[in-house]
Amino acid sequence: MENKDTQPASNNFIKSIIIEDLKNNKNNGKVHTRFPPEPNGYLHLGHAKSICLNFGLAKEFGGLTNLRFDDTNPVKEDVEYVDSIIEDVKWLGFDWGDRLYYASDYFDKLYEFALQLINDGLAYVCEQTPEEVKLYRGTLTEPGRPSPFRDRSIEENLELFKKMTNGEFPDGSRTLRAKIDMSSPNLNMRDPVIYRIKKATHHRTGDKWCIYPMYDFTHGQSDMLEGITHSICTLEFEDHRPLYDWYLDVLKTPCHPQQIEFARLNINYTVLSKRKLLQLVKEGYVNGWDDPRMPTISGFRRRGYTPQSIRDFAERIGVTKAESTVDYSVLEFCIREDLNKIAQRAMAVVNPLKVTIENYPEDNEDYLEAINNPEDSNSGTRKIRFSKTIFIEKDDFMEEPPKKYFRLAPGKEVRLRYAYFITCKEVIKDENGEVVELICTYDPASRGGNSPDGRKVQGTIHWVSAEYGKQAEVRLYDNLFLAEDPDNVEEGKTFLDNLNPNSLTTINAWVEPMLLQAKPNDKFQFERVGYFCADAKDSIDGKPVFNRTVGLRDSWAKMMKK
RNA sequence: UGGGAUGUAGCCAAGUGGUAAGGCAUCGCCCUUUGGAGGCGACAUUCGCAGGUUCGAUCCCUGCCAUCCCAGCCA
């Protein structure tokens, strides 16, 4: 049964942990993970890594994955975000079955846990102001001091917590705190807040609560309640693990999930932080969370990326505890590889130069056959009408070509893809000396792209009929940021100073007529140019707008750079 | 200067007490009606540094260096 296609991907340290757990029959041989976003923004590629990890691991080991919204802070959260998250995880191709949960589903249980801690003398109501709490917490190098409210009686704590719950105190005036260790070298253990007062309307529980549990008091217990076995999160939570474990220990819960941390994803030429992405949206640097330049899942979707390409990316980059920045080229490789297999080919001229073929008859009914996708023998062919005047790419002509330039030049012959050999006879310029038109001749015997005399033509260029072609809006995208690391800025500057002012160029291209039938999200390769998809929002029936997903590899451009 | 982590090629990343996988990028060559795709080849005498243990260390030990995270009533 050994088969190349089914061979498991290489191991990472989390898989190794799971394999070991399975060997020891820990958790009765079960693997259950969860993806727990806070609904306070759209998902980005960093989340995609986590999603693929969590769902991928469970799938590989025959387990399950829950989708859980970590919605413990009503002032930052919104249903718009939960909707977008659900859509994005689905689009990536993952299924949580009927296990869609919210941390807010557990508010009653978490409240009971808090009561239990108070009754066990492990939690107290603190009346320090936020400033006092901060002051008493100490610093990285100095221990903290106990709050003066630390040793209240259980009865008093119960009474005060009840009043907190009933809304008898203003926001910020009290907190419920765990009684742990004010001199712990781990700041998280210096009597962390369990509940805080926030008279805010929650997107699910409405005004039922005016106190809300903190992340640390919520996450482990939620994992436990759902029977999560492996709670995978990012490195910045390493310091929280002792607290995660402490709550589950003192609460004497029936099971105790294992928190495992991995390094979050960084990619060059972009930012992956909800706060910064929110700022780009709010301040109008991009056109929404799904702007095709955004590193959000919805942005990539709109840009023309496929779920397969993103899953492949997540698999290729690996999972470790080492901070790293993945090169953008890996992502581009993934999408090109997928699109090369599935994208229908088409001809489009992005930067047109008119060509008149002087010996070609007017009004000739001449339909040429073009292959829809050379990588897919089932994709068939289509007919494209040829004409006396056509457009070619400006780049495909040079008056004084360098060595090894295979394209059109005065006196040189080139192949028009799927059509004829043409030879450049005359160059017409405007008053500024700019080339505006080429006069060529064609060889009727070369129809289809081969000459019966067997003569070789090095270059093949694409074209669109000036008579039968159509025009369409095309959006060319470039990196959102000019700097490899947008956050690496000098004093007084921010990542915004690294924004690329030319990240979007909108042009009108000449395209073969078939392209006007493109439906939203349809993906094409414009031959020799790049991969494009019909924009999901701005395309209208019969009038698509094309987004450039990614350019084709261009070894000629590389050669010219040297 | 407290605590927690990390360091293998330009970028990711396997790996083990027995002589450094793989991918991306890069560079050659072949092939090609996309300068695309594809094929073939090159690319770490060395694993942050310095010692030690060992027949043998990237792996074990000691020390050092560098980087990241933590002082929200955010997650």
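Predicted model, so just to flag it, every value in this text is computed and none were measured. First the proteins, then the strands, lettered A, B, ... as listed; each starts at 1. Computed over heavy atoms, backbone and side chain alike; hydrogens, waters and symmetry mates excluded.
Atom C1' of B/A66 sits at a distance of 7 Å from the matching atom of B/G48, rounded to the whole Å. For the P atoms, the distance linking B/A21 with B/C61 amounts to 25 Å, nearest Å. A distance of about 33 Å separates the P atoms of B/G15 and B/A71, rounded to the whole Å. Using C1' as the reference atom, B/A9 and B/C27 are 15 Å apart when rounded to the nearest Å. Taking the C1' atoms as reference points, B/U8 lies 14 Å from B/C49, given to the whole Å. With C1' as the reference atom, B/G39 and B/U58 are 34 Å apart, rounded to whole Å. With P as the reference atom, B/U32 and B/A13 are 39 Å apart, rounded to whole Å. B/C55 sits 33 Å from B/C43 when the C1' atoms are compared, rounded to a whole Å.
Contact annotation: A/R417 side-chain N/O to B/U32 OP1/OP2 distance is not under 4.0 Å. In this model, the phosphate group of B/U26 is approached by a side-chain N or O of A/K558 to a distance below 4.0 Å at OP1 or OP2.
Electrostatic pairing of A/E127 and A/R174 counts as a salt bridge here, judged by a charged N lying under 4.0 Å from a carboxylate O.
For B/G36, the base has a donor-acceptor partner in the side chain of A/E375 [N/O atoms by modelled type, under 3.5 angstrom].
Looking at A/E512, its side chain does come within 3.5 Å of a backbone N or O of A/M347 through a donor-acceptor pair.
Ring planes of A/Y111 and A/F161: parallel class, angle under 30° (limits at 30 and 60°).
Taken together, the paired segments of RNA chain B that extend over three or more consecutive Watson-Crick or G-U pairs, each closer than 3.5 Å at both contacts, are B:2-7 with B:65-70, B:10-12 with B:22-24, B:26-30 with B:38-42, B:48-52 with B:60-64.
A/Y195 has its ring centre no less than 6.0 Å from the ring centre of A/Y212.
Within residues 192-200 of chain A, the residues approaching RNA chain B are A/V193, A/R196, A/K198, by heavy-atom distance under 4.0 Å.
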